[in-house]
Amino acid sequence: METRSPSFRPCPGAETLIEITEDDFCPQEIIERAKSTAAGAVVTFLGTVRDDGLREMVVEAYPEAALAELDKICNEAADRFGLTSVYIIHRLGRLAVGDNIVLIVVSAAHRREAFGGCSFILEELKSRVPIWKKEIFDGGERWVGT
Amino acid sequence: METRSPSFRPCPGAETLIEITEDDFCPQEIIERAKSTAAGAVVTFLGTVRDDGLREMVVEAYPEAALAELDKICNEAADRFGLTSVYIIHRLGRLAVGDNIVLIVVSAAHRREAFGGCSFILEELKSRVPIWKKEIFDGGERWVGT
Amino acid sequence: MKIKVRAFASFREMLGSELELDLPDESSVQELLDALASLNPRFCSEAFDRSGLLKDYVLLMKNRKRLDRDSMNQALEDGDEVAVFPPVSGG
Amino acid sequence: MKIKVRAFASFREMLGSELELDLPDESSVQELLDALASLNPRFCSEAFDRSGLLKDYVLLMKNRKRLDRDSMNQALEDGDEVAVFPPVSGG
């Protein structure tokens with residue numbers, strides 16, 4: 001299942017894109033889009049599957065609710081940190097060790113806003129967005145955070 | 001003038017690369033290098049020339065001293081935040097609006113270390129490393145920070 | 001009335017990802033949960049404590065809006081979508 | 001003795017990027033700066049206050065190590081590299 005959604009409630013002035021998708025993504029492509037002559041700072045968070053002895057990871061979402069929540073977070077962050085653009089891509093499905101899980105790219109005029117906005121989005125994503133990760137080991141499996 | 005230097009005092013365990021160069025860089029290439037199965041988080045700062053009404057920017061360095069100071073910062077950050085890898089590239093020479101100026105890519109097991117390390121390196125770079133930027137406007141020019 | 005139930009993560013593994021329950025008109029959220037508990041004993045023991053109260057960690061949404069514990073007696077309407085899931089862990 | 005002087009940013013524009021001064025043996029950092037001031041009146045007025053003290057914002061390195069204001073009387077040695085520059089602004 002792939003769900004693509006350009007942000008449906010864009011923050012005035014901020015360019016936003018939110019995707020929840022089984023496809024891998026290309027950080028470079030998004031970073032290039034985030035660059036603009038109004039922004040002097042682009043901060044990127046890339047989350048990948050860390051080798052904690054696991055064989056693979058499965059990511060599941062409540063896609064409609066997750067997109068709506070990400071969209072809210074995106075607008076909150078753009079307002080609060082005065083961001084020029086916000087891009088969020090979260091992958092779904094079976095992922096191997098080293099695979100990309102999530103990409104957050106924000107741009108702003110200055111570095112503090114860009115760092116603050118990117119880190120805020122990640123924390124909110126982890127605590128509010130209905131997405132779950134299950135780690136699969138050779139000897140068993142467990143849902144992360146439960 | 002191009003000055004390339006693999007880090008000469010690498011932090012034990014952390015992969016590091018420091019460059020001061022006239023050439024442009026490719027964030028994707030560095031992000032791919034920063035990814036490792038030991039790291040779950042890659043944080044990237046890209047600084048670009050913001051359009052503040054300027055025509056171009058000129059970046060100048062005391063290259064030997066700048067490389068030595070960046071190397072120190074790199075090792076301090078790796079130690080303090082337990083980073084898996086640190087990459088710093090700073091450009092020199094004449095840059096146009098929108099051009100890349102600086103790239104900092106760090107990886108760590110967890111997001112907090114990666115954000116903390118990347119932001120620490122940028123702040124230290126701005127305050128300690130002998131690199132100067134001059135903004136050139138249609139009506140004049142000024143050295144930044146003086 | 002028909003209520004669409006969507007379950008995620010560990011609760012999806014117990015209940016299936018999507019089911020439709022036929023409940024008496026004006027059934028409450030609590031009554032929907034009771035019906036789910038009676039469908040699956042594992043869900044019952046994972047989601048409820050011994051006194052029959054929903055455990056704190058269980059999260060609910062109605063029509064994609066979070067429901068808090070004060071809303072358990074809220075009446076549902078035909079076509080409502082109720083989601084039940086454990087704490088989220090994205091990112 | 002020969003002292004290599006490297007100047008950066010606005011000071012490079014006044015002094016040139018690299019020059020070699022021939023000073024009496026055991027000249028101090030202060031004496032080197034006085035020599036530089038006498039070379040270029042603009043550097044003199046930008047780097048020194050009216051009482052002849054180096055302004056706080058002027059930064060110095062000897063052999064790529066920062067020199068603080070306590071080291072102004074330090075004797076230089078033949079072949080030393082002294083750098084003079086305004087506050088840095090990289091990043």
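Just so we're clear, the structure is a prediction, and the values are computed from it rather than from any experiment. Atom set for the values below is all heavy atoms of this structure, side chains included, hydrogens, waters and symmetry mates excluded.
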Could you tell me which non-hydrogen atom of Met61(C) sits nearest to which non-hydrogen atom of Pro130(A), and how far apart they are?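 Answer, listing the atom of Met61(C) first, then Pro130(A): CE-CG, 4.4 Å.
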Which heavy atom of Val129(A) sits nearest a heavy atom of Val88(C), and at what distance?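 Looking at all heavy atoms of both residues, the closest pair is O-CB, 3.2 Å.
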With a cut-off of 6.0 Å (strictly less than), are more than 12 heavy atoms of other residues, nucleotides or ligands near [atom1] of [X]?
{"X": "Glu20(C)", "atom1": "CD", "answer": "yes"}
{"X": "Asp56(C)", "atom1": "CG", "answer": "no"}
{"X": "Arg94(A)", "atom1": "CZ", "answer": "no"}
{"X": "Glu18(C)", "atom1": "CD", "answer": "yes"}
{"X": "Arg42(C)", "atom1": "CZ", "answer": "no"}

Within residues 97-104 of chain A, residues adjacent to chain C where the heavy-atom gap is under 4.5 Å: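 Answer by number: Ile101(A), Val102(A).
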Under a 4.0 Å threshold between the charged nitrogen and the carboxylate oxygen, would Arg6(C) count as salt-bridged to Glu64(A)?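 Arg6(C) and Glu64(A): salt-bridged.
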Would you mind checking if Lys134(A) and Glu13(C) are paired as a salt bridge, meaning a charged N to carboxylate O distance below 4.0 Å?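 Looking at Glu13(C) and Lys134(A), the cut-off is met.
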Side chain, backbone, both or neither of [X] within contact of chain C (heavy atoms, under 4.5 Å):
{"X": "Val59(A)", "answer": "neither"}
{"X": "Glu141(A)", "answer": "side chain"}
{"X": "Arg128(A)", "answer": "backbone"}

Side chains of Arg12(C) and Trp132(A) in contact at under 4.5 Å (non-hydrogen atoms):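 Of all side-chain heavy-atom pairs linking Trp132(A) with Arg12(C), none is under 4.5 Å.
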Short side-chain to backbone donor-acceptor contact, [X] and [Y], under 3.5 Å:
{"X": "His90(A)", "Y": "Gly90(C)", "result": "no"}
{"X": "Ser89(C)", "Y": "Lys133(A)", "result": "yes"}
{"X": "Trp143(A)", "Y": "Pro86(C)", "result": "no"}

